[in-house]
Amino acid sequence: MDNAKKGRVQIKNKPVVTGISPVEGGPGCKIKIRGEYLGQNQEDVISIKICDIDCTASLEYSTSKCLVTRMGVVERGRPRNIEGSVIITTQSGGQGTSMVTFVCKISIVGLQTETHHWVDETNMWTAYLQRSKMAADGMEYDDPLRIADESSEEQKFEISTLEAYFPGKSGDTDRENFDPVRYLLEKYAFGCTMEDLKAGVNQLRASTTSKSFKPLMSFKTHIKTLIDCENALNELKLQLDKDQMENSIIKHLEEAVVKANLTAMAAFEGVLCRRERAENITTGLGALNRLRLLFELPKAIEREARRGRYEAVITDYSRARTQLARDGERVPEVLQKVFKEVETRMALFRESLLNKLKSSPNTPFEVQKRYLNILEAAGDNKASICVINNLAEWIMKELDNTGTSSSLKKIESLSSTLVLYVLRLWRLASIKSSEEHAKNLILDILRKYSETIRQVVASTEKTSEGKSSPAAVRILQSVRSNIDCLPKECLTIIEHLSLNVRITCTKSLLENALRDVAILKEREDWNVEDDGKGSHLPRLFETLVTDVLQQIREIVTQEPQIFKVQPKEGENIRKLLVDLSKSFSSVLEELSNDKEHLVILLANCDYTCNRVIPNLKDTMEACLKIECSNIDIEASKVYKKQRMHFLKDYIDLKTKPILSELFEQLQYSGFDSIQNVTSTRPYVTYFIVSVCQILSEICLVGEQLVQDVLTPICSVILGEYAKKLGKIKNWGISGALQCQVDVQCLKAAFQAYVAQKVLTRLNEVAPKISVSEAKHAQKIVADAKSSMSLQIDCLTRVKG
Amino acid sequence: MSKNKAQPPSVVHKVIMVGSGGVGKSALTLQFMYEEFVEDYEPTKADSYRKKVVLDSEEVQIDILDTAGQEDYAAIRDNYFRSGEGFLCVFSITELDSFQQTVEFREQILRVKQSDENIPFVLVGNKEDLNDKRVVTIEAAEERARQWGVNYVETSAKTKHNVDKSFFTLLRLIRDKKLQEAALNTQTNKKKDKKRRCVVL
């Protein structure tokens with residue numbers, strides 16, 4: 001109380017707010033305010049406004065430096081965020097504002113939003129009542145002297161000055177230490193005259209006396225007022241009685257509350273009802289929308305199907321089905337009808353689409369896939385199977401449709417059809433995962449295909465159009481690699497077919513080669529080539545066979561084990577190869593009818609046996625990858641045998657005329673008739689010249705044959721000659737000498753080609769002569785030799 | 001007993017208290033503002049204080065925004081940080097986590113302040129009175145301060161040790177920075193003027 005009294009006389013300290021916690025919040029938010037001079041006590045704080053909102057009601061005073069309050073109720077229509085300062089009014093200090101600001105945030109509450117609203121009623125009434133009382137107390141401060149001089153307000157003594165003059169005294173009339181002088185100085189020091197003060201004293205006295213000693217006077221003067229008061233009190237009493245009769249004010253209030261409650265309920269009732277209605281209407285509209293779609297569905301399906309927008313059809317249809325599934329049993333009859341209609345339309349749609357798919361297998365795969373997907377979505381589970389079956393049937397028909405094109409072209413077109421459509425079939429099947437079914441179909445198709453191809457190939461081979469075979473094999477190869485994605489069983493069929501065709505081709509190629517070799521003889525021109533190779537025929541044969549083998553190599557190269565896998569076929573092929581190797585001998589045989597060219601044939605035979613056959617054997621092994629070691633041996637045997645025949649024929653051919661000439665000469669003039677020996681007898685010369693002719697003939701073809709041919713010829717002739725000499729008994733006068741000369745001359749000429757046995761025999765049968773005769777003979781022989789030196793040289797040099 | 005008639009100082013330095021929850025930001029603020037120590041812990045949302053102080057014989061106002069340390073309010077920090085001119089980054093020397101988190105606070109401040117490395121910033125290790133429970137060594141804190149190029153002050157809101165020092169250090173930094181910027185502005189203005197003249201010539 002002491003401070004409060006002082007504050008009143010001292011200079012007021014305005015409240016200062018220096019801190020606010022927190023800086024933002026909504027109504028009801030607890031706020032701590034810090035600062036200075038925030039009032040001496042709870043009562044001292046008259047009002048507190050934050051952001052211009054009154055927060056006095058919930059004020060809790062803690063110290064003059066700290067207040068706690070809550071944000072007050074915000075009027076309607078205020079902006080959502082208000083930033084403002086804190087304004088505090090205290091009785092002791094007056095109004096002060098803050099240096100800090102607060103942001104009042106108001107959340108907007110809608111009709112449907114649940115929310116809480118803060119109402120604080122604690123201390124509301126007590127605080128209010130206390131404040132009213134205090135205000136009344138404050139107002140009691142009066143002017144006892146009743147000197148109402150406005151001007152006096154302007155000039156006053158400073159409180160400190162007065163304090164100095166009147167220490168421990170007070171100018172307050174209510175205080176114990178009241179000092180009248182100070183009071184007067186404080187109040188009326190300026191602008192008051194003595195008269196005024198005197199009048200005041202009188203006034204004060206008068207009032208004191210009137211109060212204490214003249215109450216009656218007072219009543220008299222205020223009688224009217226008193227009567228008015230009594231009347232009013234009476235009226236109040238009457239009203240109170242009346243209210244009590246009407247079941248008291250509380251009941252009235254209760255009624256008012258109930259009524260207010262009802263009104264509020266009614267108000268919300270309306271809102272809630274409207275909301276419910278709105279919801280109902282929305283639901284109804286939604287249902288109508290859905291139904292509208294349903295009713296329009298059949299037409300829409302037809303329209304979209306016609307336009308080719310199948311996906312749209314499917315979307316519509318699935319929507320309808322979802323609808324049906326959701327509503328289930330509860331679907332009304334009308335809608336059931338609509339659904340039935342939809343189903344019929346869909347059935348038609350499916351049928352048309354399926355027909356479209358079936359009728360044109362050439363449609364691009366993507367389109368087919370799309371159609372299939374659509375069909376499936378449209379509820380046709382068997383569409384893919386149906387389409388696959390259809391496609392399979394179509395392929396079968398295509399395979400049957402052989403056409404008139406050449407066999408190779410036919411194979412080509414069949415294969416490309418097969419690859420394209422079988423693959424498509426398989427892909428279609430794999431989309432719809434009906435591979436098993438598709439596999440069986442494909443197996444059928446492939447069987448049919450391989451049958452057809454086999455027939456075609458067989459017919460091709462028959463018409464000796466052999467060159468197409470490797471191409472066919474290549475096509476099959478590409479078919480195999482193209483359908484690599486198919487199951488193994490399918491591949492096996494194609495592989496088997498491929499193997500088959502390969503073997504057939506190989507066989508036919510070899511058979512064709514045999515035929516070709518047979519007609520080689522027509523191409524013999526008997527032109528001898530160098531180095532004893534004979535004519536060009538053996539090389540023609542080699543080239544022909546090598547070509548064929550190269551072709552076979554191409555066929556076989558993808559399947560190197562082909563003849564090991566199929567041993568029986570391998571054996572057949574081997575036989576064919578042997579035949580082919582031998583076949584040239586029959587050509588030579590036919591040619592040997594013409595004895596004129598026996599030497600060339602002999603050379604050809606040698607060449608074939610020594611060069612061609614080993615070469616071919618190597619080529620065969622390289623190309624066919626089969627064991628050929630026996631082939632060359634077998635073939636060589638044939639050619640060697642043939643060579644022997646040829647040689648014998650040739651020797652016979654050449655020796656016969658010589659021998660007949662020799663015998664004739666010996667027959668007509670025997671050794672006994674010879675008188676004088678001057679030279680060799682003519683048969684010797686003939687003999688040597690004939691052999692030289694043979695030699696030249698052979699040398700034209702090949703020197704390597706000389707020994708083989710001349711040795712038997714000479715041996716036979718000299719052998720026959722020796723036999724003849726052995727039979728002569730009578731040599732006459734110079735017969736022995738003549739014989740000795742002839743023999744020595746022949747020996748000299750043919751010593752290189754005659755067997756030792758024959759020479760010995762000749763020496764035995766030759767008659768003995770004397771030493772002088774021998775000398776004579778030597779001389780004659782030397783003469784004869786020198787006269788035939790050219791021939792003898794030829795014979796010996798070739799040998800050498 | 002200061003007189004209200006005096007005009008409020010025009011210079012206001014805006015200081016923002018940052019740091020993890022419970023390190024003593026509010027305690028430091030209240031100690032600085034009202035010289036009182038509050039024992040009860042009540043998490044702050046965001047409090048605002050303003051006070052006249054004499055900084056090197058010049059009267060200025062310090063505006064302190066005491067922010068929430070709790071992660072719940074991390075999202076609204078950006079807005080507050082933007083208005084700050086200087087930062088007191090507080091951690092508790094008895095809590096290692098709070099020291100680690102100063103890194104994140106510094107990063108957030110630099111991000112908001114467009115990576116201005118010279119932003120007035122003081123690293124404050126609070127609860128110095130609880131030295132027996134210390135887990136963050138002076139060396140570690142000083143090392144971090146050295147890395148960042150900032151001052152490090154150890155305070156106790158309870159004993160008021162170094163509380164004024166930390167605030168005044170920051171205030172000086174803010175003032176110096178403002179002076180620098182002002183100088184720079186006048187310079188650039190002069191330059192602009194010169195340039196304009198050149199164009200005229």
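Order of the sequence lines fixes the chain letters, A, B, ..., with proteins taken first and strands second; residue numbering starts at 1 for each chain. None of these values were measured; they are calculated from a predicted model.
- In the model, B:Tyr49 has no side-chain atom that pairs as donor or acceptor with a side-chain atom of A:Ser21 under 3.5 Å.
- With a 4.5 angstrom heavy-atom cutoff, B:Leu30 touches chain A only via side-chain atoms.
- Ion pairing between a basic and an acidic side chain is recognised when a charged N comes within 4.0 Å of a carboxylate O; B:Lys51 and A:Glu36 show no such pairing.
- Note that CD of A:Glu24 is 11.0 Å distant from CG of B:Asp47, once rounded to the nearest 0.5 Å.
- In B:Lys113, the NZ atom is crowded: over 12 heavy atoms of neighbouring residues, nucleotides or ligands sit closer than 6.0 Å.
- The distance from the CG atom of B:Asp63 to the CE atom of A:Met99 is 9.0 Å, given to the nearest 0.5 Å.
- Counting non-hydrogen atoms of neighbouring residues, nucleotides and ligands closer than 6.0 angstrom, the CD atom of B:Gln147 exceeds 12 such neighbours.
- For B:Lys133, the NZ atom counts as loosely surrounded, since its 6.0 Å shell holds 12 or fewer non-hydrogen atoms of other residues, nucleotides or ligands.
- Within residues 15-25 of chain B, no residue has a heavy atom under 4.5 Å from a heavy atom of chain A.
- Of the possible donor and acceptor atoms, one in the side chain of B:Tyr34 sits under 3.5 Å from a partner among the backbone N and O of A:Gly19.
- Atom NZ of A:Lys32 has 12 or fewer neighbouring heavy atoms from other residues, nucleotides or ligands inside a 6.0 Å radius.
- Remark: of the listed residues B:Arg50, B:Lys52, B:Met33, B:Met33 is the sole one forming a side-chain contact (heavy atoms from CB on, under 4.5 Å) with A:Thr18.
- The 12-atom threshold is exceeded at NZ of B:Lys177, counting heavy atoms of other residues, nucleotides or ligands nearer than 6.0 Å.
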### Message
Test salt bridge (Lys or Arg N to Asp or Glu O under 4.0 Å) on B:Glu36 and A:Arg34; report intermediate values, then the result.
### Response
CA-CA 12 Å; B:Glu36 58 181 55; A:Arg34 288 169 175 277; 2.6 Å; yes

